[in-house]
Amino acid sequence: MTGTVGFIGLGTMGCDMARNLLKAGYRVRGHDLRADAARAMAAEGVVPAASVAEAAAGADIVVTMLPDTPHVQAVVLGEGGLLSSPPAGRLVVDMSTIAPTAVREMHARLKAAGIGFVDAPVSGGPQGARAGTLSIMAGGDAEDFARARPVLAAMGTTINHVGESGAGQTVKLCNQLICGINLQAVCEAIALGRAAGVDLAQMREVLLGGSAASWMLDRLGPAMIESQTAAGFRIDLMLKDLRLVRELADALSVPLPGTALVTTQYVEARAHGEGGNGNQALFKVYDRMTNQAAA
Ligand code: NAD
């Protein structure tokens with residue numbers, strides 16, 4: 001594969017996604033607000049760019065992987081952003097998790113300027129980013145998705161065009177709703193199993209072989225059993241996603257009582273200083289409720 005990708009946002013996910021683009025043969029021009037982030041990847045082949053415009057210069061596609069809606073709006077619509085300094089290939093692919101309404105607005109403004117915009121959020125966590133096995137759900141115009149697809153294929157293995165602009169984010173928010181509530185279920189099972197004195201590592205193995213198996217139990221279960229809170233997907237990002245879920249549900253008058261309940265527990269975790277920890281730190285809420293604070 002040949003071509004140049006401008007990559008903006010070299011954080012937890014973006015670093016490894018950019019690495020997989022290099023592995024697939026793309027030239028990568030990387031930019032991050034933290035200037036050292038792109039410089040740190042120079043030895044691996046990333047060309048550090050000092051600005052959004054510099055990352056876009058000469059690129060076929062620009063990929064953004066940023067925390068939240070305002071960050072993507074600043075990079076796309078802000079001064080010196082992609083609307084005024086588009087890549088030569090006039091295609092922008094945002095892979096962050098942000099609000100579908102904001103996606104549609106940016107899509108309309110970019111389209112009016114002859115620039116394609118695809119929302120292509122991901123699922124699979126840092127492990128999926130590292131392995132290049134992300135699940136990617138894309139919204140936008142079919143011809144833009146077709147152009148983006150080879151680039152997406154360097155970062156993920158399950159790649160679907162799920163509808164018009166914003167549809168990728170809608171599917172991603174449904175994904176996050178399931179992840180948030182499923183993690184709560186795993187926390188409760190571990191709290192109950194621990195109180196009853198069963199071997200939690202063995203319990204996890206057994207459950208993974210049956211109908212309670214889940215990504216959360218599989219990938220985050222060991223960290224929860226061992227009380228490890230190191231971040232992959234931070235509590236703060238989960239709360240951001242649950243806010244986006246709530247905004248979408250409110251706009252459509254869809255009640256989500258399970259989401260509402262688990263959101264209060266993530267808020268409680270953040271209030272105890274766990275916002276920067278991985279989302280498996282939700283188990284700390286259960287530690288407190290069961291007086292296992294030292295665990
Ligand atoms: P992160 O905070 O680790 O990385 C974001 C990067 O963007 C940071 O390096 C930050 O400096 C940079 N940045 C912020 N504003 C910028 C700007 N205006 N210009 C240039 N760079 C800027 O976040 P992450 O964990 O990599 O997540 C990125 C997105 O992917 C989020 O929307 C998140 O919800 C989503 N996501 C994360 C995971 C995960 O497991 N971490 C999984 C799936 C999806």
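Just so you know, ligand 1 is whichever comes first in the structure, and atom 1 is the first atom listed for that ligand. Bear in mind the structure is a predicted one, so any value in this text is a computation, not a measurement.
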- Query: Are Glu247 and Arg243 ion-paired here, with the side-chain N under 4.0 Å from a carboxylate O?
  - Reply: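 Salt bridge flag = yes for Arg243 with Glu247.
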- Non-neighbouring partners of Asp141 that pass salt bridge (Lys or Arg N to Asp or Glu O under 4.0 Å), sequence neighbours left out: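 For Asp141, the residues satisfying salt bridge (Lys or Arg N to Asp or Glu O under 4.0 Å) (neighbours in sequence not counted) are Lys111.
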List the atom pairs, with distances to 0.1 Å, where a side-chain N or O of residues 45-62 and a protein N or O form a donor-acceptor pair under 3.5 Å, not counting sequence neighbours.
{"residue": "Ser51", "atom": "OG", "partner": "Glu54", "partner atom": "N", "Å": "3.0"}
{"residue": "Glu54", "atom": "OE2", "partner": "Ala50", "partner atom": "N", "Å": "3.3"}
{"residue": "Asp60", "atom": "OD2", "partner": "Thr4", "partner atom": "N", "Å": "2.7"}

- Passing option when Leu173 is tested against Val245, Ile98, Leu242 for side chain to side chain contact (heavy atoms under 4.5 Å, CB included):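 Running side chain to side chain contact (heavy atoms under 4.5 Å, CB included) over Val245, Ile98, Leu242 with Leu173 returns exactly one hit, Val245.
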- Which heavy-atom pair separates Pro100 from Gly166 by the least distance, and what is that distance?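 Looking at all heavy atoms of both residues, the shortest contact is CB-O, 3.8 Å.
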Which pairs of N or O atoms, one from ligand 1 and one from the protein, are separated by less than 3.5 Å, and what is the distance for each pair?
{"residue": "ligand 1", "atom": "2 (O)", "partner": "Arg234", "partner atom": "NH2", "Å": "3.2"}
{"residue": "ligand 1", "atom": "3 (O)", "partner": "Thr12", "partner atom": "N", "Å": "2.9"}
{"residue": "ligand 1", "atom": "3 (O)", "partner": "Thr12", "partner atom": "OG1", "Å": "2.9"}
{"residue": "ligand 1", "atom": "9 (O)", "partner": "Asp32", "partner atom": "OD1", "Å": "3.3"}
{"residue": "ligand 1", "atom": "9 (O)", "partner": "Asp32", "partner atom": "OD2", "Å": "2.6"}
{"residue": "ligand 1", "atom": "9 (O)", "partner": "Arg34", "partner atom": "NE", "Å": "3.2"}
{"residue": "ligand 1", "atom": "9 (O)", "partner": "Arg34", "partner atom": "NH2", "Å": "2.8"}
{"residue": "ligand 1", "atom": "11 (O)", "partner": "Asp32", "partner atom": "OD1", "Å": "2.6"}
{"residue": "ligand 1", "atom": "11 (O)", "partner": "Arg34", "partner atom": "NE", "Å": "3.4"}
{"residue": "ligand 1", "atom": "21 (N)", "partner": "Leu33", "partner atom": "N", "Å": "3.1"}
{"residue": "ligand 1", "atom": "26 (O)", "partner": "Thr12", "partner atom": "N", "Å": "3.3"}
{"residue": "ligand 1", "atom": "26 (O)", "partner": "Met13", "partner atom": "N", "Å": "2.9"}
{"residue": "ligand 1", "atom": "32 (O)", "partner": "Leu66", "partner atom": "O", "Å": "3.0"}
{"residue": "ligand 1", "atom": "32 (O)", "partner": "Pro67", "partner atom": "O", "Å": "2.9"}
{"residue": "ligand 1", "atom": "32 (O)", "partner": "Thr97", "partner atom": "N", "Å": "3.0"}
{"residue": "ligand 1", "atom": "32 (O)", "partner": "Lys240", "partner atom": "NZ", "Å": "3.1"}
{"residue": "ligand 1", "atom": "34 (O)", "partner": "Lys240", "partner atom": "NZ", "Å": "2.8"}
{"residue": "ligand 1", "atom": "41 (N)", "partner": "Gly232", "partner atom": "O", "Å": "3.4"}

- For Val206, all residues meeting side-chain contact (heavy atoms from CB on, under 4.5 Å), sequence neighbours excluded: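 In terms of side-chain contact (heavy atoms from CB on, under 4.5 Å), with neighbours along the sequence ignored, Val206 is linked to Gln202.
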